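Following: one structure in structure tokens, then a few remarks.
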Protein chains: 2
Amino acid sequence: MKSALAALSALAQETRLAVFRYLVEAGPEGMTVGRIGEALGVPAATLSFHLKELSHAGLVSSRQESRFIWYSANYESMNGLIAYLTENCCRGQPEACGVGCAPQTKSSTASRKKVPA
Amino acid sequence: MKSALAALSALAQETRLAVFRYLVEAGPEGMTVGRIGEALGVPAATLSFHLKELSHAGLVSSRQESRFIWYSANYESMNGLIAYLTENCCRGQPEACGVGCAPQTKSSTASRKKVPA
DNA sequence: TCCATGTTTCCATGATTATGGAAACATGGG
DNA sequence: CCCATGTTTCCATAATCATGGAAACATGGA
């Protein structure tokens with residue numbers, strides 16, 4: 001999955017992971033760029049760079065409201081990532097994988113390739 | 001979480017993600033380095049580099065068996081990552097997050113910080 | 001329109017990461 | 001022992017990524 005890789009790449013960076021966590025906590029309304037930067041101690045230019053990365057990976061969205069831009073976490077996209085990882089974790093040996101309750105994706109049980117001997 | 005970041009970084013790379021997926025499919029016994037490289041078309045030196053990354057992140061383990069080295073996926077560590085992401089996804093607004101069945105981690109409900117207004 | 005405030009783009013710099021051939025190292029069979 | 005086979009380390013190179021100041025751009029209030 002292409003988007004899973006993109007999401008992983010986006011989150012695999014300390015500042016971006018912190019920003020995303022902050023936005024998840026901020027709830028669906030999200031938070032303005034200024035506040036995020038203030039809360040996390042990230043300079044504007046740097047934050048803008050990371051927000052663009054997150055946005056490009058589809059993990060956050062933004063909306064303009066008067067002079068401010070609000071960024072918010074994209075829960076569906078995070079769900080997609082979790083679903084992808086769950087499948088990757090459990091494929092073939094569900095018992096070895098403690099998750100035990102993968103989200104009901106249509107492809108959860110389909111496409112079970114066998115490893116060539 | 002430090003290890004979550006390490007796991008994300010390790011998986012956020014096309015070749016490594018492919019290797020991990022391959023190892024998950026290979027099952028608990030895992031697969032030898034040679035076969036992995038052969039199956040995925042990755043040169044030995046490159047593969048060794050990536051296996052070291054995955055291993056360092058705790059996502060795979062290795063054991064020597066005669067002249068071969070078998071690498072296998074570390075399911076618990078993947079579970080840890082999924083649990084971490086699930087918490088990050090659902091914290092505050094479980095309803096917005098379709099996962100609906102987070103693994104029963106002790107910290108699932110604890111540590112719910114509030115975002116400063 | 002002019003100004004204050006919020007955000008992004010530009011850009012130069014430094015740091016990290018990926019790649020793969022060649023050589024070194026390890027293991028076990030003969 | 002010596003050799004074949006499997007794996008890793010070494011190393012140089014190239015590419016990508018992170019950082020943050022300064023300047024540009026956007027928006028809305030006076």
Side-chain angles (χ1 to χ4, degrees), chain A residues 2 5-23 26 29-73 115-117, chain B residues 2-23 26 29-73 115-117:
Chain A
K2 204 71 159 294
L5 225 177
L8 286 168
S9 297
L11 292 175
Q13 209 280 341
E14 198 164 8
T15 303
R16 283 198 294 268
L17 185 56
V19 169
F20 186 80
R21 277 166 48 100
Y22 184 80
L23 287 178
E29 296 166 15
M31 190 55 70
T32 66
V33 178
R35 274 196 202 274
I36 301 170
E38 195 180 340
L40 303 181
V42 181
T46 303
L47 181 55
S48 197
F49 167 79
H50 288 306
L51 283 172
K52 195 167 63 175
E53 295 281 298
L54 285 169
S55 169
H56 192 244
L59 283 165
V60 305
S61 351
S62 63
R63 67 181 196 283
Q64 182 126 9
E65 197 150 299
S66 118
R67 215 177 335 186
F68 303 81
I69 296 179
W70 292 70
Y71 277 84
S72 52
V115 169
Chain B
K2 205 71 160 295
S3 68
L5 226 178
L8 286 168
S9 298
L11 292 174
Q13 208 281 341
E14 198 165 6
T15 302
R16 284 197 294 268
L17 186 56
V19 168
F20 186 80
R21 279 166 46 101
Y22 185 79
L23 287 178
E29 295 166 14
M31 191 53 72
T32 66
V33 178
R35 273 195 204 274
I36 301 170
E38 196 181 342
L40 304 180
V42 181
T46 303
L47 181 56
S48 196
F49 168 79
H50 288 307
L51 283 172
K52 194 167 64 177
E53 295 282 297
L54 286 169
S55 170
H56 191 244
L59 282 165
V60 305
S61 349
S62 63
R63 66 179 198 284
Q64 181 126 8
E65 197 149 301
S66 115
R67 215 177 334 189
F68 303 81
I69 296 179
W70 293 72
Y71 277 84
S72 53
V115 169

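This one's a predicted model, so the numbers in the text were calculated from it and none came from an experiment. Below, read A as the first sequence line, B as the second, and so on, with proteins coming before strands; counting in each chain starts at 1. All values below come from the heavy atoms of this structure, side chains included, with hydrogens, waters and symmetry mates left out.
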Spacing of [X] atom [atom1] relative to [N] atom [atom2], expressed in whole Å:
X     : N      : atom1 : atom2 : value
B:L47 : C:dT17 : CG    : C1'   : 16 Å
A:I69 : D:dA26 : CD1   : P     : 11 Å
A:I36 : C:dT8  : CD1   : P     : 9 Å
B:R63 : D:dG6  : CZ    : C1'   : 15 Å
B:E65 : C:dG28 : CD    : P     : 11 Å
A:F49 : D:dA22 : CZ    : P     : 20 Å
B:F68 : D:dT7  : CZ    : P     : 7 Å
A:E38 : C:dT5  : CD    : P     : 14 Å

Both A:S66 and A:E53 contact DNA chain D. Taking the nearest nucleotide for each, which residue is further toward the 5' end?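 Looking at DNA chain D, the more 5' nearest nucleotide goes with A:E53.
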
Got [X] and [Y] here, is their nearest side-chain heavy-atom distance under 4.5 Å?
X     : Y     : value
B:S72 : B:L23 : no
A:L47 : A:V19 : yes
B:F49 : B:R16 : yes

Give a yes/no answer on whether the side chain of B:H50 brings an N or O atom under 4.0 Å of OP1 or OP2 in C:dT17.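 The answer is no; no side-chain N or O of B:H50 sits under 4.0 Å from OP1 or OP2.
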
Side-chain N,O (B:Y71) to OP1/OP2 (D:dG6) below 4.0 Å: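 So the side chain of B:Y71 is outside the cut-off, no N or O lying under 4.0 Å from OP1 or OP2 of D:dG6.
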
From [options], pick the nucleotide closest to the side chain of [X]?
X     : options               : result
A:K52 : D:dT7, C:dT19, C:dT9  : C:dT9
B:A44 : C:dT19, C:dT8, D:dT8  : D:dT8
A:V33 : C:dT7, D:dT19, D:dG28 : C:dT7

Between A:L51 and A:R67, which has a closest nucleotide on DNA chain C that is more 5'?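 The residue closer to the strand's 5' end, by nearest nucleotide, is A:R67.
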
Quick check for you: to the nearest 0.5 Å, what is the distance between A:W70 atom CH2 and A:M31 atom CE?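 One gets 6.0 Å once the value is rounded to the nearest 0.5 Å.
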
Ignoring hydrogens and angles, are the base of C:dA18 and the side chain of B:R16 linked by a donor-acceptor pair under 3.5 Å?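 Donor-acceptor pair under 3.5 Å: no.
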
For A:T46, report the nucleic acid contact type (base, sugar-phosphate, nothing); a contact means any heavy atom under 4.0 Å.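 Since a base atom lies under 4.0 Å of A:T46, the category is base.
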
Base, sugar-phosphate, or nothing for A:S48, non-hydrogen atoms under 4.0 angstrom?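 The answer is base, as A:S48 lies within the cut-off (heavy atoms under 4.0 Å) of a base atom.
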
Neighbour count >12 (heavy atoms, 6.0 Å) for atom CD, B:Q64: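 Yes - once you tally the heavy atoms of other residues, nucleotides and ligands closer than 6.0 Å, there are more than 12.
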
